[in-house]
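To start, the structure itself, in structure tokens.
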Amino acid sequence: MKRLVLRLVLVLALPALLIAVWWFASAGSTNIFWPPLRTILQTFPDVWTAERLRADVLPSLWRLAAGYALAAVVGVAVGTVIGSYRRVRAVCEPVLEFLRAVPPPVLIPVIMLFAGIGDTMKVTVIASGCVWPILLNTVEGVRAVDPVMLETARSYGITGPSRLRDLVLRSASPQIFAGLRQALSIGIILMVISEMFAASNGIGFTIVQFQRSFAVPDMWTGILVLGLLGYLLSLVFQLVERRALAWYHGLRASTRRSP
Amino acid sequence: MRLQNAALGAAGLAAFLALGEVVPRLGLVKEEYFPPTSRIASAFADELSDGSFWTALGDTLTGWALGLAIAVSAGIVIGVAVSVVPYLREATASTIEFLRPIPSVALIPLAVLLYGSELRSVLLLVVYASFWQVLIQTLYGVQDVDPVADETARSYGLGTWARIRHVLWPTALPYVMTGVRLAAAVALILAITGELVIGAPGLGARIAVAQNSQAVPEMYALIVVTGLLGLLINVGARTVERRALAWHQSVRGEVAV
């Protein structure tokens with residue numbers, strides 16, 4: 001019981017302290033850029049009404065989900081092919097290294113040329129930025145499949161889809177998830193930036209609108225919403241990862257116990 | 001084997017460039033959207049002979065290097081301090097887990113209001129984004145310290161500072177280096193994004209100008225430049241990592257006994 005209380009104190013103390021510092025330091029603030037925290041929190045429910053959540057947050061999330069899913073499918077599929085054949089890998093490697101090194105946001109102007117400024121552009125931008133970490137991690141993971149297991153599978157006559165699903169993708173999945181995790185934060189960044197460029201709705205669009213009209217407390221609430229969103233999405237990701245990789249974490253824990 | 005791989009890689013690159021030349025020439029995509037490789041190449045050459053291009057490149061690199069330096073030193077110092085002092089790591093864990101996933105672009109509007117389109121607003125984004133990479137890696141690295149080695153150092157009477165220097169730092173260094181490599185890439189992305197969106201001087205702003213003036217080949221040429229820059233930074237970071245860890249097993253590649 002005492003330990004639990006101590007843990008709870010440790011978890012909550014610093015956030016509480018930081019919020020308190022922010023609250024009191026900004027309480028009498030007349031600086032227009034740093035409004036009092038109290039004002040920000042009072043503005044929050046007025047700005048982020050159910051109507052606005054439906055009109056701005058939902059479209060953003062939908063684009064993120066579509067782009068991210070597209071990137072995951074393409075990245076894993078292409079990555080598996082490239083990872084499985086040494087020659088294909090050798091041919092593609094320099095081009096892939098270059099494409100990965102291009103900072104994803106600079107693709108927004110290019111994709112705007114092709115896809116205009118609608119949802120297609122945003123989904124494409126998100127997908128084209130997210131695909132690289134997933135693809136390259138899949139290549140690495142597929143490459144690292146234990147050759148003994150591959151031989152064993154061959155001698156047992158395990159081929160085709162079951163070989164792919166139960167051996168190759170399964171043993172590459174810790175790596176693939178590492179790529180998916182990197183891609184998630186890139187995806188959120190691209191979602192916001194593509195909306196800052198050209199959009200008529202979305203979180204990024206709304207925040208820039210507030211900034212341009214000098215509605216500073218409203219802008220701050222937007223920053224808070226983005227922060228919360230980033231936090232929640234990474235929480236959801238952790239839950240999914242823990243379920244999908246339960247076998248792997250279990251394996252690691254047991255090897256650590258018995259060296 | 002290596003030679004064959006290099007030849008295949010060069011062939012792949014050549015095929016990629018040739019495809020970029022042929023596809024627009026055949027009219028599969030509109031030439032004004034996707035100019036052939038040769039036109040991008042000549043725009044690239046024009047850029048290289050343009051003085052203002054080099055100024056923009058210098059601005060971008062300044063933002064990148066300065067931001068990365070601040071983020072790396074802050075990440076290492078705070079990371080080591082947090083993990084050396086008892087309870088501090090547990091006390092900060094929830095805050096770090098909360099702040100880390102906040103997308104750095106959320107700070108763009110704030111940066112614009114505070115600093116306008118100056119170097120400082122780019123720095124704000126770059127430092128915020130790359131700081132977490134270094135901090136998290138440093139925390140993991142310090143956690144990896146062998147308790148036996150630490151106890152041994154203690155029983156030989158080494159002080160806190162000597163233990164940090166001789167036990168903790170060598171253990172954490174490989175992790176820190178990975179963090180620095182990740183941070184270098186992230187810093188470039190954020191530096192160019194900041195310029196692109198905020199309009200702070202640099203390659204990103206130049207891309208935005210090229211886009212607005214419909215100078216499509218120049219835009220592609222600048223994007224190629226940013227890609228080459230990213231590639232150079234990746235290679236550079238890997239080289240630094242290998243140099244700094246020349247003594248480490250992962251680099252020496254010694255067979256474990």
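These numbers were taken from a predicted model, which means no experiment stands behind them. Naming convention: chains lettered A, B, ... in sequence-line order (proteins, then strands); numbering from 1 in each chain.
- At a 4.5 Å heavy-atom cutoff, the contact between L228(B) and chain A is made by backbone and side-chain atoms alike.
- Taking the side chain as every heavy atom from C-beta outward, V102(A) and T226(B) approach each other to under 4.5 Å.
- In plain terms, the two heavy atoms of F214(A) and L113(B) that are nearest each other are CE2-CD2, 3.6 Å.
- With a threshold of 4.5 angstrom between heavy atoms, V208(A) does not approach chain B through any atom at all.
- One finds the CG atom of L113(A) at 7.0 Å from the CD atom of Q211(B) (value rounded to the nearest 0.5 Å).
- Interface residue I189(A): backbone and side-chain heavy atoms are both found under 4.5 Å from chain B.
- At a threshold of 4.5 Å between non-hydrogen side-chain atoms, the residues F98(B) and L228(A) count as touching.
- Of the residues considered (L231(B), L222(B), L188(B)), L231(B) shows the highest number of contacts with chain A, using heavy-atom pairs under 4.5 Å.
- Highest contact tally toward chain B, considering only P94(A), G204(A), G227(A), P109(A), is held by P109(A) [criterion: heavy-atom pairs under 4.5 Å].
- Minimum heavy-atom separation, F98(A) to V224(B): CE1-O, 3.8 Å.
- Taking the six-membered ring for Trp and thresholds of 30 and 60 degrees, F34(B) and F114(A) have ring planes inclined between 30 and 60 degrees apart.
- A distance of 6.0 Å separates CD in E97(B) from CD in Q238(A), rounded to the nearest 0.5 Å.
- With a 4.5 angstrom heavy-atom cutoff, E90(B) touches chain A via backbone and side-chain atoms both.
- Residue contact with chain A, scored on non-hydrogen atoms closer than 4.5 Å, involves the side chain of I108(B) exclusively.
- Contacts with chain A (heavy atom to heavy atom, under 4.5 Å) involve these residues of residues 11-23 of chain B, listed by number: G12(B), L13(B), F16(B).
- At a threshold of 4.5 Å between non-hydrogen side-chain atoms, the residues P109(B) and M196(A) count as touching.
- Across all non-hydrogen atoms, the minimal contact from G227(B) to A101(A) is O-CB, 3.3 Å.
- If you tally non-hydrogen atom pairs under 4.5 Å between each of I192(B), L107(B), L196(B), I207(B) and chain A, the highest count goes to L196(B).
- In terms of heavy-atom proximity, I188(A) sits nearest to P103(B) at CG2-CG, 3.6 Å.
- Contact annotation for R100(A): only side-chain heavy atoms (C-beta onward) come within less than 4.5 Å of a heavy atom of chain B.
- Only the side chain of S234(A) comes within less than 4.5 Å of a heavy atom in chain B; its backbone stays farther off.
- For I108(A), no part lies near chain B; criterion is any non-hydrogen pair under 4.5 Å.
- To the nearest 0.5 Å, atoms CD1 (I193(A)) and OG1 (T193(B)) are separated by 4.5 Å.
- Side-chain contact, N5(B) with R86(A): a donor N or O sits under 3.5 Å from an acceptor N or O.
- The structure places CD1 of I207(A) at 11.0 Å from CG of L110(B), a figure rounded to the nearest 0.5 Å.
- The shortest side-chain heavy-atom distance between S94(B) and L12(A) does not fall under the 4.5 Å cut-off.
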